[in-house]
Colleague: 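Could you have a look at this structure, given as structure tokens, before my questions?
So that the names make sense, note that chain A is the first sequence line, chain B the second, and so on, each numbered from 1.
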Protein chains: 2
Amino acid sequence: MSTAAVADTRPYHHGDLRRALVDAAARILEREGPSALSLRAVAREAGVSPAAPYHHFKDKNELLEAVAHVGWEALGEAMLEVRQNGTDVQTLMTELGVAYVCFSQRHPALYRVMYDRSRDKDSLPEGMQDKEDSAYCLVRETFRKVAGPEVADVDIELATIAAWCAAHGLAEMSGFAQFNPLREALGGDEAFLRGVLSHLGSFGYRGHEPVK
Amino acid sequence: MSTAAVADTRPYHHGDLRRALVDAAARILEREGPSALSLRAVAREAGVSPAAPYHHFKDKNELLEAVAHVGWEALGEAMLEVRQNGTDVQTLMTELGVAYVCFSQRHPALYRVMYDRSRDKDSLPEGMQDKEDSAYCLVRETFRKVAGPEVADVDIELATIAAWCAAHGLAEMSGFAQFNPLREALGGDEAFLRGVLSHLGSFGYRGHEPVK
DNA sequence: GATGTTATCTAAACACCGTCCAGATCGGAC
DNA sequence: GTCCGATCTGGACGGTGTTTAGATAACATC
């Protein structure tokens with residue numbers, strides 16, 4: 001076998017077609033958006049027949065779920081990076097929100113697939129609430145630090161859910177045309193995001209501008 | 001041009017097919033969900049050929065937009081009803097949120113179509129920010145009363161956007177399985193919604209349970 | 001090394017989809 | 001009554017998700 005172009009050797013029929021399909025799907029998503037993401041297009045992009053994916057995924061949904069999974073991992077990493085920047089716990093909350101929304105702006109098609117899957121299943125990815133270092137737990141632990149020990153666990157959980165809902169809502173609507181005047185008045189998109197997120201605080205916290 | 005015609009829709013062959021199609025679409029949406037909402041299915045439900053809708057809508061998107069439009073009107077009415085219940089301004093804010101989310105729970109497929117259209121257009125329905133009695137303005141005016149006169153208009157607008165984002169996020173995620181334990185612990189879905197919404201306040205306001 | 005097994009992939013087909021086109025039908029203006 | 005234009009139909013085209021039968025190639029066993 002002489003596959004000169006790619007240094008990678010192909011051990012058998014196609015190699016790791018499963019991964020190749022997920023990569024192809026992600027590529028199509030970035031290049032042409034969610035409406036172009038057909039199973040046949042993915043197979044085409046990967047250079048296989050339209051029926052080939054069915055040996056690796058039960059149906060289209062299962063492929064999209066795999067795509068969504070890598071999306072959630074990337075989102076988690078983006079938010080973890082924020083924590084390592086080592087700001088104080090007050091600003092951290094807003095910065096986590098900004099990181100979340102900015103991820104959705106950088107990968108709008110991927111973000112859409114992620115949440116479309118979640119809404120179809122009526123659940124976030126499994127283990128999101130429990131796994132250490134998940135984005136969700138990161139937010140919850142940050143809330144716990146902000147709140148102090150006298151706040152009940154139930155309230156921590158409710159605040160986390162509230163923040164998550166708000167971040168998701170902002171992720172889906174931040175680009176809406178109606179907000180453009182306000183965005184420009186505040187001097188750019190990040191300022192706009194911080195402005196909105198600063199109105200979402202709990203436990204007396206309202207973002208990077210401390211309450212007097 | 002013509003004298004008595006109030007609307008430009010006129011009953012010809014079929015009668016008011018345009019309205020019949022929108023109604024048929026809404027019916028399919030409630031009965032079988034968004035994935036079953038094909039243009040052909042709508043035509044079938046209305047008893048016409050698959051090509052008939054093209055004399056009333058440019059394409060499928062335009063039909064969905066009409067469906068979304070009636071959805072937004074119904075949502076606006078549901079929220080207006082809350083205001084007429086005449087609670088004090090403090091609880092009103094939470095009740096508006098509850099009404100919003102409950103609407104999305106009663107008509108999940110319709111709500112999905114509404115926001116899918118908005119995201120494709122990257123904008124809320126036209127005039128939502130300006131039209132008196134729109135749901136959006138209702139929230140903004142409520143915030144203005146809560147905030148008092150010393151709060152800047154920019155902050156009112158930001159708080160409104162934040163509340164809207166949070167309500168939308170909660171509308172899309174309130175049914176997620178991960179929240180079931182907490183939902184039951186709080187004694188039902190409405191209590192859960194109120195709990196989440198109570199962590200979203202601004203201007204020192206945090207829902208129906210006043211801050212101590 | 002030849003054998004059989006099994007996973008992998010292809011080709012062809014099915015039903016459905018959105019959309020367009022040529023023609024049939026019919027309401028209303030002249 | 002004649003004509004025009006809006007409305008609807010039947011049929012077609014290319015695309016989609018999915019299934020089936022059959023070809024191919026890597027692997028385990030002898």
Colleague: Starting at atom CG of B/Leu21, determine the distance to atom C1' of D/dT7, rounded to an integer number of angstrom.
Modeller: 12 Å

Colleague: In whole Å, I'd like the distance from the CZ atom of B/Arg19 to the P atom of D/dT7.
Modeller: 16 Å

Colleague: In whole Å, what is the span from the CG atom of A/Leu64 to the C1' atom of D/dG17?
Modeller: 12 Å

Colleague: Kindly calculate the angle separating the two end axes of the helix from C/dG1-D/dC30 to C/dC30-D/dG1, each obtained from five base pairs, and round it to 10 degrees.
Modeller: 0°

Colleague: Give the ring-plane orientation class for A/Phe103 versus A/His107, where under 30° counts as parallel, over 60° as perpendicular and anything between as tilted.
Modeller: tilted

Colleague: Considering only D/dT9, D/dG17, C/dT10, which nucleotide approaches the side chain of A/Tyr54 most closely?
Modeller: D/dG17

Colleague: Using 30° and 60° as the class limits, which term best fits the ring planes of A/Trp164 and A/Tyr100: parallel, tilted or perpendicular?
Modeller: perpendicular

Colleague: To the nearest angstrom, how far is B/Asp16 atom CG from D/dC8 atom C1'?
Modeller: 15 Å

Colleague: Nearest of C/dC9, D/dG11, D/dT19 to any side-chain atom of A/Ala51?
Modeller: D/dT19

Colleague: From CG of A/Leu17 over to P of D/dA26, roughly how many Å is that when rounded to an integer?
Modeller: 15 Å

Colleague: Do any of residues 36-45 of chain A sit with a heavy atom less than 4.0 Å from DNA chain D, and if so which?
Modeller: A/Ser38, A/Leu39, A/Arg40, A/Arg44

Colleague: For C/dT10 and A/His55 - does any side-chain N or O of the residue sit under 4.0 Å from the phosphate oxygens OP1/OP2?
Modeller: no

